[in-house]
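Written below as structure tokens is the structure these notes are about.
Lettering of chains follows the sequences in order, A, B, ..., and the numbering in each one begins at 1.
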Number of protein chains: 2
Amino acid sequence: MATESQVFQQIPHKSLREVALSAIRQAILCGDIKPGQRLLETEIAAQLGVSRAPVREALRQLETEGLVVSEPHRGTFVIELSDADLWEIYTLRAAIESLAVQIVTERADEETLARLQQAVDEMEEAAQARDSARLAALDMSFHEMLCRASGHSRLLDVWLSMTVQIRTFIDLTNTLYLPAEDVVRLHAEVLAHIRNGEAQEAGAALKRHILDVGQRICQLWRGDADN
Amino acid sequence: MATESQVFQQIPHKSLREVALSAIRQAILCGDIKPGQRLLETEIAAQLGVSRAPVREALRQLETEGLVVSEPHRGTFVIELSDADLWEIYTLRAAIESLAVQIVTERADEETLARLQQAVDEMEEAAQARDSARLAALDMSFHEMLCRASGHSRLLDVWLSMTVQIRTFIDLTNTLYLPAEDVVRLHAEVLAHIRNGEAQEAGAALKRHILDVGQRICQLWRGDADN
DNA sequence: TGATGGTATAATGTCGACATTCGACAGTCC
DNA sequence: GGACTGTCGAATGTCGACATTATACCATCA
């Protein structure tokens, strides 16, 4: 390279497949397409103004991501989550996030700690302001930060897949499953363990927290199912 | 149904995409296609006697499975694993298999226990017969059984993805990374904990075992890299 | 001699059309 | 009237062809 430093950022080269992928995923997560609903390749292609080929490839990818299921010659459908699925997702999240926080504890740099601390601080504010939507968003953000900070790309992939599946079920960033004070306290607790270098304790605390939320969501699901 | 019992077995309805998927995956795992090697859609399609469409979809699926990577307009390549990748895979395996064995401990039925016991018994035989290939295969089989017995489909998916990636690197069923006696002993230990209902201990033992093997493989990789 | 620019080639990205298959509906027979 | 069977429409599965783009090679020029 003749240029001494990075001057230009890479120009984003988006294929139609990637565009279709994002569009469909967002439509599902926004709730524009509901769980169980059928995804018509022809219609999606027509709406996006592209041919069926990139749409098909995007659907295949969404299938391996676990957002949709498809049956041969029958079509592709948005997943419907049972309580067994919720159990799977939350137990898996508990296991991998526990690993993530242990890794973070062992390698945490100042910047990461500062960002986690900032999230907790903002949680505190949101809790006092009774802004539960913001609090829920910060909650998710804290967990995602942990997974990213672990530098464990496969762990992050699994985490993203699980949370995306959950989002088809409910908008996690808008609902709280714990009293606001508890949310703040539990995350502050984990962060304290990270600061103290207590990897085991941090992992255990986070695991308990996630399993607890999972149980509450399962209970809520059963309550909804009665309707 | 007019027929009283099942007379005909289901006709296996395999789409060309699935056929291509299996064929390519097996070719990679068998070592016919080596890590880093380019996968030409046209050539694969020609060899399989199909068009490029199902081959492309199969490659996309292999990509999300983590077996290949593809760059826009450049092509698709078999993954090459660095020591960082091996570290990711083994730490993740340790975390999820630990979860799997805890679940199995809590719900193990007699049949599952019997099959696990049989695997350990056969390990014992293989160890005494100095049949390391068979021992390695039984080892993998034991771990896979645990993941299947957990009834946790997402956990199993992640496990399969990780082990498939590892197999592009080395044929796990043909190489041993521990003395034969240790292999038998460690698995027998885990099984004993399962029988005793000691979920925590079973999980911890399995986690140690996997991380240990992971470290050995990483060391081996560094040794190989010097060549 | 080295760097720059153009060109050829080959692979991927995308498209429209045809083949295959599934589900529903109507017709027929008992 | 009920159950089986044949037909029809629509969506998916597959194909071959064209468009786009990256790479290698070669000619040109300072």
Please lay out, stage by stage, how B:E18 and B:K14 fare under the test salt bridge (Lys or Arg N to Asp or Glu O under 4.0 Å). CA-CA 6 Å; B:E18 290 175 278; B:K14 291 213 171 186; over 6 Å; no
Taking ring-ring contact (aromatic ring centres under 6.0 Å, His included) as the test, write out the residues that go with A:W87, two or more places apart. B:H152
Which residues satisfy the side-chain contact (heavy atoms from CB on, under 4.5 Å) test with [X], sequence neighbours excluded?
{"X": "B:D85", "value": "A:R154, B:L81, B:S82"}
{"X": "B:L211", "value": "B:T91, B:A94, B:K207"}
{"X": "B:L16", "value": "B:V50, B:P54"}
{"X": "A:Q37", "value": "A:I33, A:K34"}

Please round to the nearest 0.5 Å and tell me the distance separating atom [atom1] of [X] and atom [atom2] of [Y].
{"X": "B:D131", "Y": "B:M123", "atom1": "CG", "atom2": "CE", "result": "13.0 Å"}
{"X": "A:S98", "Y": "B:L99", "atom1": "OG", "atom2": "CG", "result": "10.5 Å"}
{"X": "B:T168", "Y": "B:I79", "atom1": "OG1", "atom2": "CD1", "result": "4.0 Å"}

Nearest heavy atoms of [X] and [Y], plus distance in Å:
{"X": "A:S150", "Y": "A:R107", "value": "O-NH1, 3.9 Å"}
{"X": "A:I96", "Y": "A:L155", "value": "O-CD1, 3.4 Å"}
{"X": "A:R60", "Y": "A:S70", "value": "NH2-OG, 3.4 Å"}
{"X": "B:D83", "Y": "B:C218", "value": "O-SG, 4.0 Å"}

Looking at DNA chain C, which of residues 66-77 of chain B put a heavy atom within less than 4.0 Å of it? B:P72, B:H73, B:G75
Could you list by number each residue of residues 34-49 of chain B showing a heavy-atom separation from DNA chain C of less than 4.0 Å, or answer none if no residue does? B:R38, B:L39, B:L40, B:E41, B:T42
Here the ring-ring contact (aromatic ring centres under 6.0 Å, His included) pairs for residues 47-86 of chain B, sequence neighbours left out, are A:H13-B:H73
By nearest nucleotide on DNA chain D, pick out whichever of B:E57 and B:R52 is the more 5' one. B:E57
What residues in residues 15-22 of chain B put a non-hydrogen atom under 4.0 Å from any atom of DNA chain D? B:S15, B:L16, B:R17
For a 4.0 angstrom threshold against heavy atoms of chain A, report the outermost contacting nucleotides of DNA chain C in 5' to 3' order. C:dT14 to C:dG23
Axis-to-axis angle across the helix from C:dT1-D:dA30 to C:dC30-D:dG1, five pairs an end, to 10 degrees? 10°
Residues two or more places apart in sequence or in another chain: which of them pass salt bridge (Lys or Arg N to Asp or Glu O under 4.0 Å) with B:D212? B:R216
